[in-house]
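Following: one structure in structure tokens, then a few remarks.
Throughout, protein chains are lettered first and strands after them, A, B, ... in sequence-line order, and every chain is numbered starting at 1. As the structure is a computational prediction, the values presented were derived from the model and not from experiment.
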There are 2 protein chains.
Amino acid sequence: MAPITVEHIAERIWLSIAERRLRPGMRLKEAELAEIFGVSRARIRQVLTALERDGLVKTEANKGAIVAEPSAEEARDIFHIRREVEQRVLARLIGHLDAEKLLDLFAHVAKERAANATNDQREIIKLSGGFHLMLAEMAGADFLWGLMRDLVSRTSLITAAFRDSDKYNCGPDEHEELLMHLKNGDLQKAQHAMVHHLEHVENELKLSGNLDLARSLKDALL
Amino acid sequence: MAPITVEHIAERIWLSIAERRLRPGMRLKEAELAEIFGVSRARIRQVLTALERDGLVKTEANKGAIVAEPSAEEARDIFHIRREVEQRVLARLIGHLDAEKLLDLFAHVAKERAANATNDQREIIKLSGGFHLMLAEMAGADFLWGLMRDLVSRTSLITAAFRDSDKYNCGPDEHEELLMHLKNGDLQKAQHAMVHHLEHVENELKLSGNLDLARSLKDALL
DNA sequence: GTCGACATTATTGTCTACAATAACGGCTTT
DNA sequence: AAAGCCGTTATTGTAGACAATAATGTCGAC
């Protein structure tokens, strides 16, 4: 049996948040999580600090951790910064790209397509974020990769919080279009496609209106 | 006496790195640090994960932590992203600014000036970074604030690694000029001043120089 | 009956001891 | 003598026990 690692647990929680099974504001008690995953509290503590770093949970001293409750303004900040980071990633990637990497990327998109066909939500979420992280990793820029991991996590949370439908769709088509431009070595078009892609995701969220799902108790009663 | 908190230790190490008393590549053994600061290893562990999040140290599984060794390319990435984030901070700040906050900001610059006058390096470092964090905090944007904390830390490291002179100078004059534009409510000029300020800092680095060896850990921290 | 102080309980924060792992040095072997 | 294997040692990873803190419920006074 595979060992239960910190990353494994963190991913599990991330997916639960992205799938809306864990809602913003929900409390995450250490002992409870330790019981569920069959590990010690020390391990859970590491998981929670990692999740906090990625903006998925918020912890307060002596009060424990809850699933983060992003505001609409924060969501816009995140998309704004993400736009810049992704463009930078592409600029750095252009120099490091070779045929093998391109093949890997296209293969990844193929997997996304397969997951979409079978409607496997969990897989779709993992692969959608994975595509963007893959670009950052191939760019060989550790700092940007770390930022992207953060931004992808936060985007998942935002999507879960502000999207109407249950579908999480960072579409394969737009990913593939992007790859075509990369294959042609056309940075500007690739960046443009990326920006368009992100705007597409952002525009499907209800960021302007009042958010109605999973607010805190006091907000719900006022 | 004040209790030794995690943040306190982290700041202490951050300052040592910024002052070049801890050099990139230097090993940070948990037991040693615990001894020096008179706390348990568990506490040190928290400190190291916090420092890793801010890009100041790099840890490898079962191999411990070392002071991070940023590359010149990474440095450029960091400055590039920081430029965007700072501009966003200013954009968000404009709406939240009032007379009291402006006074606090000017007071902060005055402190910077005082520290410069007495040539108190440690204070200069703290205040220089603090100014930028103050802007982010006043903007009321948690996400951007977190990013800025990260970026300020990394900038300190970069400055320590790639700068010739021992002076760390995020000048008060340029900070004050920025504040004047904010006071006038002129976002564009403020952003322009910020970009210029950051370029100024970046241009004083030499991105080909490399680093030399390490002294003892105790000496670096005392 | 309501407000406030106090005791109780639940939860997080910290420390110490133990286990696992990787670096180091000596030994054997060719 | 050099290279590779193996045992020792140093260092990190993990777990469980204990302490501190905040939330909750209860009792008493006005």
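- Considering only residues two or more places apart in sequence or on other chains, B:Lys126 meets the salt bridge (Lys or Arg N to Asp or Glu O under 4.0 Å) condition with B:Glu11.
- Applying the salt bridge (Lys or Arg N to Asp or Glu O under 4.0 Å) criterion to B:Glu86, with sequence neighbours excluded, gives B:Arg82.
- For the salt bridge (Lys or Arg N to Asp or Glu O under 4.0 Å) condition, no pair includes a residue of residues 137-148 of chain B, sequence neighbours left out.
- A:Lys63 pairs by the salt bridge (Lys or Arg N to Asp or Glu O under 4.0 Å) definition with A:Glu60, not counting sequence neighbours.
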Distances under 3.5 Å between protein N/O atoms and the N/O atoms of nucleotides 9-16 of chain C, please, pair by pair.
from, atom 1, to, atom 2, distance (Å)
C:dT11, OP1, A:Lys29, NZ, 2.6
C:dT11, O3', A:Arg27, NH2, 3.4
C:dT12, OP2, A:Glu30, N, 3.3
C:dG13, OP1, A:Asn62, N, 3.2
C:dG13, OP2, A:Arg45, NH2, 2.3
C:dG13, O5', A:Arg45, NH2, 3.2
C:dG13, N7, A:Arg41, NH2, 2.9
C:dG13, O6, A:Arg41, NH1, 3.2
C:dT14, O3', B:Arg43, NH1, 3.3
C:dC15, OP1, B:Arg43, NH1, 2.8
C:dC15, OP2, B:Ser40, OG, 2.7
C:dC15, OP2, B:Arg43, NH1, 2.8

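- Rounded to an integer number of Å, the gap from A:Glu35 CD to D:dG16 P is 12 Å.
- B:Arg41 is linked by a salt bridge (Lys or Arg N to Asp or Glu O under 4.0 Å) to B:Glu30, counting only residues two or more places apart in sequence or in another chain.
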